[in-house]
Amino acid sequence: MTSIEQVAEGLPETEKLYLIDSYAKACPSVILRVVKHRGARRYVVLDRTLFHPLAGGQPSDSGFIEGEGFRFQVKKVLLHGGVVVHFGKLVGREPQAGEPVRCVLDWEKRYLVMRLHTAGHLLDAAVSEYFGKCVDTLGASHGPPEAYVDYDHDPPDADALQAIEECANRLVARDLEVRVKFVEAERLAEEVYNAPNLDRLPRSARYRVVEIVGVNSIPCTGTHVARTREVGRINLVRLERLDRGFRLRYSVS
């Protein structure tokens with residue numbers, strides 16, 4: 001059985017357009033490799049992509065890659081050693097390395113994920129305000145059908161949910177700018193604030209930082225909206241106690 005490592009082996013790092021522009025819906029690319037799986041299932045690697053892989057608490061994008069005489073439905077996107085691998089179903093003729101293609105996102109899903117991911121950063125701020133200190137996270141899923149963030153803190157009582165929700169929605173209503181910037185490692189300490197998990201941050205020469213202006217500035221590779229107003233209303237669905245910390249499940253409307 002083909003592994004993701006085998007599919008990516010020897011290929012150059014993918015140009016990741018989703019890191020630059022969360023709102024890009026389509027782009028031209030060139031096929032670098034196609035690997036057969038089972039039946040019509042294939043792995044496809046491109047020179048550049050706007051499909052965000054499963055990473056950083058964000059689910060992978062979906063959509064399609066099309067070329068002359070074929071269409072590839074992207075079901076799952078994975079990342080290995082800087083190479084983005086698209087997995088899905090092929091309809092039409094077999095594509096070849098070197099062919100030009102067009103990538104098209106499932107924009108409705110992507111935009112919902114953008115809203116949910118920005119909402120997650122706003123919840124980080126609201127939880128930290130409630131407890132009076134920056135609270136680390138243990139895990140997250142910023143995607144449908146129900147997003148969540150796990151916090152490394154003793155659970156608050158149920159009445160805290162309303163206070164946290166109201167705080168997060170006050171930030172939404174301020175229509176704050178959400179900025180993305182790339183920061184060299186030696187300048188990271190100057191550029192981040194109110195950011196959880198910095199002691200667990202993987203070592204890198206350069207970091208992508210997402211700042212909700214005046215609220216927090218967090219190393220993050222996810223896709224986000226440009227202003228908090230786009231998030232809509234944040235709804236806290238429920239609080240779950242974990243063996244360590246607690247989970248807040250949330251949605252946006």
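Quantities reported herein were computed from a predicted structural model and do not represent experimental measurements.
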Tell me, with the steps shown, if Cys220 and His117 meet side chain to side chain contact (heavy atoms under 4.5 Å, CB included).
CA-CA 10 Å; Cys220 177; His117 204 150; 3.6 Å; yes

May I ask whether [X] and [Y] are part of the same hydrophobic cluster, defined by side-chain heavy atoms of I, L, V, M, F, W, Y residues being less than 4.5 angstrom apart, directly or through others?
| X | Y | result |
| --- | --- | --- |
| Leu17 | Val45 | no |
| Val34 | Ile4 | no |
| Phe87 | Leu11 | yes |
| Val101 | Val84 | yes |
| Ile31 | Phe64 | no |

Could you check Glu94 against Arg42 for side chain to side chain contact (heavy atoms under 4.5 Å, CB included), going step by step and ending with a plain yes or no?
CA-CA 10 Å; Glu94 196 72 37; Arg42 301 287 186 275; 2.8 Å; yes

Mind running salt bridge (Lys or Arg N to Asp or Glu O under 4.0 Å) on Arg110 and Glu108 for me, showing each step along the way?
CA-CA 6 Å; Arg110 158 65 78 81; Glu108 185 176 348; over 6 Å; no

Side chain to side chain, Val35 and Val85, heavy atoms closer than 4.5 Å:
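Heavy-atom side-chain distance check fails, nothing below 4.5 Å.
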
With a 4.5 Å cut-off on side-chain heavy atoms, are Phe70 and Leu90 touching?
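In contact.
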
Compute whether any side-chain donor of one residue and acceptor of the other, for [X] and [Y], lie under 3.5 angstrom apart.
| X | Y | answer |
| --- | --- | --- |
| Tyr18 | Asp61 | no |
| Asp47 | Thr14 | no |
| His224 | Thr118 | yes |
| Tyr250 | Glu165 | no |
| Gln58 | His142 | no |
| Ser253 | Asn235 | yes |

Of all heavy-atom pairs between Gly143 and Val113, which one has the smallest distance, and what is that distance?
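For Gly143 versus Val113, the nearest heavy atoms are CA-CG2, 4.3 Å.
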
Between Tyr23 and Ala226, the two heavy atoms sitting closest are OH-N, 2.7 Å

For the [atom1] atom of [X] and the [atom2] atom of [Y], what is their distance to the nearest 0.5 Å?
| X | Y | atom1 | atom2 | value |
| --- | --- | --- | --- | --- |
| Leu79 | His52 | CG | NE2 | 9.0 Å |
| Leu50 | Lys16 | CG | NZ | 13.5 Å |
| Asp136 | Leu198 | CG | CG | 8.0 Å |
| Leu116 | Tyr111 | CG | OH | 11.5 Å |
| Glu129 | Arg170 | CD | CZ | 6.0 Å |
| Arg227 | Asp175 | CZ | CG | 4.5 Å |

Are Glu13 and Arg48 ion-paired here, with the side-chain N under 4.0 Å from a carboxylate O?
no

Are the side chain of [X] and the backbone of [Y] linked by a donor-acceptor contact shorter than 3.5 Å?
| X | Y | result |
| --- | --- | --- |
| Thr228 | Leu176 | yes |
| Asn216 | Ile218 | no |
| Ser204 | Tyr207 | no |
| Arg33 | Glu9 | yes |
| Asn169 | Ile234 | yes |

His86 ring center within less than 6.0 Å of Tyr43 ring center
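No, the ring centres sit 6.0 Å or more apart.
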
Should Arg115 and Glu230 be marked as a salt bridge (Lys or Arg N to Asp or Glu O under 4.0 Å) after you check the CA-CA gap, both sets of side-chain angles, and the distance that decides it?
CA-CA 7 Å; Arg115 294 168 60 213; Glu230 295 181 61; over 6 Å; no

I'd like to know whether [atom1] of [X] has more than 12 heavy-atom contacts from other residues, nucleotides or ligands below 6.0 angstrom.
| X | atom1 | answer |
| --- | --- | --- |
| Asp199 | CG | yes |
| Arg244 | CZ | no |
| Lys36 | NZ | no |
| Lys109 | NZ | yes |
| Gln162 | CD | no |

Take Ser128 and Asn194 through the side chain to side chain donor-acceptor pair (under 3.5 Å) test and state the conclusion after the steps.
CA-CA 8 Å; Ser128 293; Asn194 300 333; over 6 Å; no

Taking it one step at a time, do Cys103 and Phe51 satisfy side chain to side chain contact (heavy atoms under 4.5 Å, CB included)?
CA-CA 8 Å; Cys103 302; Phe51 290 96; 3.6 Å; yes

In sequence, state the C-alpha distance, the side-chain angles, and the governing distance for Leu123 and Tyr151, and then conclude on side chain to side chain contact (heavy atoms under 4.5 Å, CB included).
CA-CA 10 Å; Leu123 282 177; Tyr151 290 100; 3.6 Å; yes

Can you list the steps and then say if Arg229 with Glu177 is a salt bridge (Lys or Arg N to Asp or Glu O under 4.0 Å)?
CA-CA 9 Å; Arg229 178 185 57 193; Glu177 183 183 2; over 6 Å; no

Quick one: which of Lys181, Arg206, Arg208 gives a salt bridge (Lys or Arg N to Asp or Glu O under 4.0 Å) with Glu191?
Lys181

Of all residues at least two apart in sequence or in a different chain, which pass the side-chain contact (heavy atoms from CB on, under 4.5 Å) check with His153?
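By the side-chain contact (heavy atoms from CB on, under 4.5 Å) rule, His153 matches Phe131, Lys133, Val135, Phe246.
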
Test salt bridge (Lys or Arg N to Asp or Glu O under 4.0 Å) applied to Arg102 and Glu68, step by step
CA-CA 10 Å; Arg102 182 171 179 261; Glu68 188 174 348; over 6 Å; no

